[in-house]
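Notes for the one structure printed next.
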Amino acid sequence: MVASSSSLKLQDLIQEIREAKTQAQEREVIQKECAHIRASFRDGDPLHRHRQLAKLLYVHLLGYPAHFGQMECLKLIASPRFTDKRVGYLGAMLLLDERQDAHLLITNSIKTDLSQGIQAVQGLALCTLSATGSAEMCRDLATEVEKLLLQPSAYVRKKAVLTAVHMIRKVPELSDIFLPPCAQLLHEHHHGILLGTITLITELCERSPAALKHFRKMVPQLVHILRTLVTTGYSKEHSISGVSDPFLQVQILRLLRILGRNHEESSETMNDLLAQVATNTDTSRNAGNAVLFETVLTIMDIRSAAGLRVLAVNILGRFLLNTDRNIRYVALTSLLRLVQSDHSAVQRHRPTVVECLREPDGSLSRRALELSLALVNSSNVQAMIQELQGFLESCPPDLQADCASGILLAAERFAPTKRWHIDTTLRVLTTAGTHVRDDAVASLTQLIGGAQELHAYSVRRLYSALAEDLSQQPLVQAATWCIGEYGDLLLEGSCEETEPLQVEEEEVLALLERVLQSHMSLPATRGYALTALVKLSTRLRGDNNRIRQVVSIYRSCLDVELQQRAVEYNTLFQKYDHVRAAILEKIPLVERGGSQVDEEAKESKETAQLSEAAPVPTEPQASKLLDLLDLLDGPSGDAQHPRPLDPTPGSALIHLLNLPCAPPPPAPIPNLKVFEREGLQLDLSFVRPPGTPTLLLITVTATNTSGGDVTHFICQAAVPKSFQLQLQAPSGDTVPAQGGLPMTQLLRILNPKKAPLRLKLRLTYNHFGQSVQEIFEVNNLPVEAWQ
Amino acid sequence: MIKFFLMVNKQGQTRLSKYYEHVEINKRTLLETEVIKSCLSRSNEQCSFIEYKDFKLIYRQYAALFIVVGVNDTENEMAIYEFIHNFVEVLDDYFSRVVNNV
């Protein structure tokens with residue numbers, strides 16, 4: 001270790017740090033050195049200050065704190081010596097960014113340095129200004145910089161242009177100052193200045209429409225510059241892999257793009273040039289391809305001639321055939337943008353795009369997938385879907401969801417025949433069942449329901465698929481629904497469209513039982529299966545003991561939904577056996593999107609419109625019963641399709657007893673008793689108004705069966721953050737004794753995200769002379785409250 | 001517009017970082033680790049452009065050193081790819097031999 005370390009040179013310090021074997025040793029060395037540096041700063045030694053700061057900056061690069069050097073930077077910048085200024089400005093760029101208070105103090109120094117006339121110093125000042133200039137500094141110094149734009153020295157001009165670019169980015173209002181010099185700067189020969197000028201003009205045009213108009217007049221000049229660049233031969237200074245200054249070319253092309261956008265006249269001036277660039281550029285190396293790519297982007301964006309656009313698409317097609325993956329990636333991205341406007345041109349490259357689906361690279365295959373989905377139309381749909389399904393089988397899981405939904409959407413739009421559509425959906429469900437969207441099952445059931453002639457076919461296909469694989473939930477749901485509906489067709493015998501499949505009743509029932517018992521089945525699926533079993537009781541010719549048995553077992557199931565269904569189906573078997581056949585009749589076609597449908601509409605409906613399915617309550621069963629009572633027993637074309645996921649036929653029985661005439665309200669959600677203490681009981685009742693699916697109205701009812709009044713009763717509620725809760729005023733704050741008038745309070749809960757509802761209640765009241773406070777969370781909230 | 005410029009070695013240590021838009025210090029380390037992870041996990045077969053949040057990452061590997069440039073949507077990826085190489089060539093010219101010493 002040198003004794004007086006104020007004279008330790010930077011190189012020596014670096015050597016020492018390098019020699020440290022461990023992190024701890026390095027830290028020690030640096031801390032010692034920093035202490036010396038701090039002492040030196042305090043002493044104010046002007047001679048060695050720059051050396052100290054240089055060492056400090058090195059230490060800063062390694063990640064150690066260096067903020068105590070900030071004021072030293074200022075002192076160094078103000079010093080007349082060049083060595084000082086150099087390190088000072090460097091320190092300012094690294095340590096003094098906008099958020100430091102000392103930042104503004106360098107403005108004055110910069111101003112003096114800018115007007116000094118020594119190139120190197122001016123260069124330093126401009127560099128610092130362009131790296132860390134804040135908005136105030138830019139405003140103060142804009143005129144100085146503008147003067148320097150026209151200085152004789154090319155070195156200073158280049159730096160001044162770059163500073164101007166930074167200033168425009170910080171303070172767009174300065175554009176008036178920097179607009180006039182641009183015209184002259186475009187005549188530069190020095191590529192560095194030219195590149196800076198083009199960037200400056202680009203920034204000006206992007207930020208101000210007036211500037212845009214002004215610079216449109218310069219399009220011919222820009223065209224000339226680019227043309228010279230393209231046609232000059234090899235120039236040692238500017239050539240990169242045979243292309244003359246590709247960076248400048250790309251920048252000019254980008255500016256032309258901005259100028260020519262939505263402007264006929266400029267676009268026309270550019271047309272020839274763009275064609276020339278496109279054809280003359282050497283595409284064997286990346287530099288040439290970069291220029292070509294920019295050209296294509298420009299052609300796409302301006303109002304170019306049709307021939308030019310075709311040329312652009314062809315270039316992209318050529319890119320697709322290139323072996324370099326980078327180029328294919330940019331080609332796919334650009335084609336995706338083009339496909340909206342030039343659909344037919346892009347179609348020609350469809351085979352190549354499909355090839356790209358098979359790439360092992362994730363980003364490429366994702367782009368190829370998006371593009372392929374965009375290219376599907378009615379003429380090529382079958383071939384494309386074939387390819388896409390092949391892709392679906394082998395693609396990585398994160399792409400499977402997109403692929404599956406894409407295929408289903410395309411199939412829906414362009415399906416040539418219903419049978420093909422059903423086949424395709426079935427194949428997608430078997431391959432990627434877990435990743436499909438939630439309404440895929442609904443669409444499939446809708447589709448099958450609508451295709452009368454294909455009932456037998458679909459039920460057989462679904463049955464065989466189900467028999468093989470119970471794990472894909474959407475498939476299982478659709479298959480069980482189908483079997484429930486068309487079970488009789490399954491057992492009937494042969495269907496000419498598929499191989500003869502001899503199925504026994506017992507097998508069908510066994511399969512449904514397996515679905516019920518499988519641990520892979522979701523509760524919803526079990527619900528489907530149970531309903532299907534019950535429907536089969538009317539469709540199958542054998543006796544129903546097995547079905548009855550299964551249904552009774554589930555009467556004590558732990559899942560509330562299943563239990564409720566089982567109990568109600570059991571009642572159907574026993575007490576209401578005479579109406580069972582009517583209730584379980586074949587379901588007519590559902591109208592997607594209809595929520596409250598009138599009875600008249602139901603009566604007249606024969607064909608369904610295809611639109612998005614909405615959760616449908618069980619009016620149809622109610623109306624069926626009404627029909628029954630009216631001695632009509634039309635099975636089809638009347639009511640809506642009661643989705644098995646909905647409230648159960650139990651509510652239909654309630655409607656039977658109430659005989660509603662108007663469209664019945666949605667099935668009521670059962671009440672919940674949440675609290676009971678010494679005779680004071682709190683019940684919650686839930687209402688979901690049909691018009692607003694995210695709204696839930698809870699009525700809290702407090703009843704008092706004890707001997708003493710409950711007074712000062714206050715009920716407060718809390719819900720998770722994604723919900724909105726509104727408590728309305730209670731009917732009173734006293735609940736009289738001995739079953740007096742109950743107190744009610746309405747809670748309005750908005751659940752936009754359809755998240756599971758959690759509710760915490762806090763009660764405070766006086767009872768029997770004591771004040772009581774209770775806080776509890778409501779459990780067992782019924783699922784229909786938030787679904 | 002170029003948002004940031006990173007030089008990272010194969011062990012995941014940042015050798016050089018320059019941010020052209022202000023990013024908090026702790027966010028910087030997070031950004032760098034995520035960016036490095038995505039670059040290091042690419043094989044030779046895959047293309048050099050990655051999409052990360054709202055940036056596009058263009059990276060290039062030189063022996064044990066990765067140079068990663070983060071840009072926004074308006075940039076031409078292939079021009080940036082060329083630019084990275086230009087940068088390395090300039091360093092090479094100026095400092096005689098560009099090497100990643102630990």
Side-chain angles (χ1 to χ4, degrees), chain A residues 18 61-63 65 93-94 97-99 131-132 165-166 169 199 202-203 206 240-241 243 245-251 253-254 257-258 283 285-298 319 324-334 356 359-367, chain B residues 1-5 7 13-26 28-29 32 37-39 41-52 55-61 69 71-90 93 99 101-102:
Chain A
R18 283 266 175 89
L61 268 184
L62 290 174
M93 275 194 272
L94 288 178
D97 55 24
E98 274 184 34
R99 277 146 305 119
T132 57
V165 172
H166 173 84
R169 280 193 184 142
T199 317
T202 315
E203 291 288 331
E206 272 174 3
I240 294 186
S241 351
V243 180
D245 205 342
F247 302 112
L248 184 58
Q249 289 192 32
V250 164
Q251 203 70 11
L253 283 166
R254 193 174 301 160
R257 183 155 85 231
I258 295 178
T283 54
R285 306 291 296 274
N286 186 53
N289 283 328
V291 174
L292 210 50
F293 178 50
E294 194 73 31
T295 319
V296 167
L297 287 177
T298 306
F319 275 1
D324 185 352
R325 281 187 176 73
N326 293 343
I327 299 182
R328 283 162 109 175
Y329 177 84
V330 297
L332 283 173
T333 325
S334 328
C356 290
E359 282 292 327
D361 181 357
S363 6
L364 270 183
S365 47
R366 175 183 291 272
R367 287 267 175 263
Chain B
M1 191 178 121
I2 297 183
K3 299 285 178 183
F4 55 83
F5 190 101
M7 276 168 92
Q13 297 171 300
T14 312
R15 288 287 157 206
L16 173 78
S17 76
K18 176 92 178 131
Y19 287 85
Y20 291 97
E21 252 186 7
H22 181 59
V23 177
E24 299 287 335
I25 299 288
N26 48 352
R28 284 188 195 192
T29 17
E32 280 159 32
K37 214 172 23 176
S38 27
C39 291
S41 59
R42 313 272 288 181
S43 69
N44 278 344
E45 293 294 308
Q46 297 174 302
C47 75
S48 299
F49 312 139
I50 308 174
E51 275 164 37
Y52 170 74
F55 304 124
K56 285 194 278 202
L57 299 174
I58 296 126
Y59 73 93
R60 229 177 146 148
Q61 187 178 3
V69 178
V71 293
N72 68 358
D73 279 334
T74 54
E75 285 290 338
N76 179 341
E77 292 100 329
M78 299 195 339
I80 298 284
Y81 192 73
E82 199 58 44
F83 166 71
I84 296 179
H85 192 67
N86 199 7
F87 180 75
V88 173
E89 278 182 3
V90 166
D93 260 345
V99 121
N101 267 334
V102 172

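The structure displayed is predicted, hence computed values, not measured ones. Below, each value reflects all heavy atoms present in this structure, side chains not excepted, and no hydrogens, waters or symmetry copies. Chain identifiers are assigned alphabetically (A, B, ...) following the order of the sequence lines, protein sequences preceding nucleic acid strands; residue numbering begins at 1 within each chain.
- The contact between B:Phe83 and chain A is made by backbone and side chain atoms together, counting heavy-atom distances below 4.5 Å.
- For B:Ser17, no part lies under 4.5 angstrom from a heavy atom of chain A.
- Looking at A:Arg367 and B:Glu51, their side chains come closer than 4.5 Å, going by heavy atoms from C-beta outward.
- With sequence neighbours left out, the ring-ring contact (aromatic ring centres under 6.0 Å, His included) criterion links B:Phe49 to A:Tyr329.
- In this structure, CD1 in A:Ile327 is found 11.0 Å from SG in B:Cys47, a value given to the nearest 0.5 Å.
- Contacts between A:Arg169 and chain B at a heavy-atom distance below 4.5 Å involve the side chain alone, from C-beta outward.
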Please tabulate, one pair per line, all N/O donor-acceptor pairs under 3.5 Å involving side-chain atoms of residues 285-297 of chain A, not counting sequence neighbours.
from     : atom 1 : to       : atom 2 : distance (Å)
A:Asn286 : ND2    : B:Met78  : O      : 3.4
A:Asn286 : ND2    : B:Glu82  : OE1    : 3.0
A:Glu294 : OE1    : B:Asn76  : ND2    : 2.7
A:Glu294 : OE2    : A:Arg257 : NH1    : 2.9
A:Thr295 : OG1    : A:Val291 : O      : 2.6

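- Between A:Asn326 and B:Ser48, the shortest heavy-atom contact is OD1-N, 2.7 Å.
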